[in-house]
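For reference, the structure is listed below as structure tokens.
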Amino acid sequence: IGTILMRKRHRRLLEEKMDSMGAMLIDSQVKLGLFNVGPFKFVSRYQTVYRLEYSINGDIKEGWVKFTAWGEPDWRL
């Protein structure tokens, strides 16, 4: 149940971030691994990394976010 609630929180934060940027989230995928996951050199097993695809001003862009064990986001957009 904890994982489901955390993923819902992540989704809400992703959508809020996109709204604040005037962007639209197209896709988000969880990426697994411990080393070199996107722009992150190290990811602990208690952290979740998402690869994002979003549209802003008609351009398609890629971004990344790592959520800490406490759910705090580290954005790389």
Side-chain angles (χ1 to χ4, degrees):
I1 291 180
T3 301
I4 293 169
L5 292 175
M6 191 61 84
R7 293 280 166 92
K8 283 185 176 184
R9 182 176 188 280
H10 293 171
R11 184 70 184 186
R12 182 179 52 79
L13 291 171
L14 290 171
E15 290 173 356
E16 286 175 3
K17 181 68 170 182
M18 293 294 117
D19 286 346
S20 75
M21 296 170 42
M24 183 180 71
L25 184 63
I26 298 169
D27 189 35
S28 64
Q29 301 171 348
V30 173
K31 295 296 182 179
L32 303 175
L34 292 176
F35 301 102
N36 299 316
V37 181
F40 304 105
K41 298 295 178 204
F42 177 76
V43 178
S44 83
R45 69 182 200 167
Y46 301 107
Q47 298 174 325
T48 306
V49 175
Y50 292 87
R51 180 194 163 277
L52 311 174
E53 187 174 319
Y54 61 98
S55 172
I56 188 166
N57 299 324
D59 296 323
I60 305 293
K61 301 203 177 241
E62 177 185 272
W64 295 82
V65 62
K66 176 172 71 172
F67 288 96
T68 67
W70 301 276
E72 296 301 315
D74 179 1
W75 300 98
R76 305 293 169 92
L77 302 174

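Positions are given from 1 along the sequence. Only a predicted model underlies this, so the values are computations on that prediction, with no experimental measurement involved.
Atom CE of residue Met18 and atom CD1 of residue Ile26 lie 10.0 Å apart, to the nearest 0.5 angstrom. Here CD of Glu15 is found 12.0 Å from CE of Met24. Values are rounded to the nearest 0.5 Å.
When the side chains of ILVMFWY residues are joined at heavy-atom separations under 4.5 Å, either directly or via intervening members, Leu14 and Val30 end up in a single hydrophobic cluster. Follow the hydrophobic side-chain contacts under 4.5 Å out from Trp75 and you never reach Trp70; the two are in separate clusters.
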Can you give each donor-acceptor pair under 3.5 Å made by side-chain atoms of residues 56-63, sequence neighbours left out, with the distance rounded to 0.1 Å?
{"residue": "Glu62", "atom": "OE1", "partner": "Arg51", "partner atom": "NE", "Å": "3.0"}
{"residue": "Glu62", "atom": "OE1", "partner": "Arg51", "partner atom": "NH2", "Å": "3.3"}
{"residue": "Glu62", "atom": "OE2", "partner": "Trp64", "partner atom": "NE1", "Å": "3.3"}

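When side chains are defined from C-beta on, Asp27 does not count as touching Tyr50, because their heavy atoms never get closer than 4.5 Å.
Ring geometry for His10 versus Phe67: interplanar angle under 30°, hence parallel rather than tilted (30 to 60°).
The only option from Leu52, Thr48, Leu77, Asp74 that meets the side-chain contact (heavy atoms from CB on, under 4.5 Å) definition with Val65 turns out to be Leu52.
Across Leu25 and Tyr54, no two heavy atoms sit closer than the pair CA-CB, 4.1 Å. Contact record, Pro39 with Arg76: CG-CG, 3.7 Å, taken as the closest heavy-atom pair. Residue Arg45 comes nearest to Leu34 through the heavy atom pair N-CD2, 4.4 Å, listed as atom of the first residue, atom of the second, then distance. Of all heavy-atom pairs spanning Phe42 and Ser44, the tightest one is CE2-N, 3.9 Å. Of all heavy-atom pairs spanning Met6 and Ala69, the tightest one is CE-O, 4.0 Å. In terms of heavy atoms, Gly71 sits closest to Arg9 at O-NH1, 2.7 Å.
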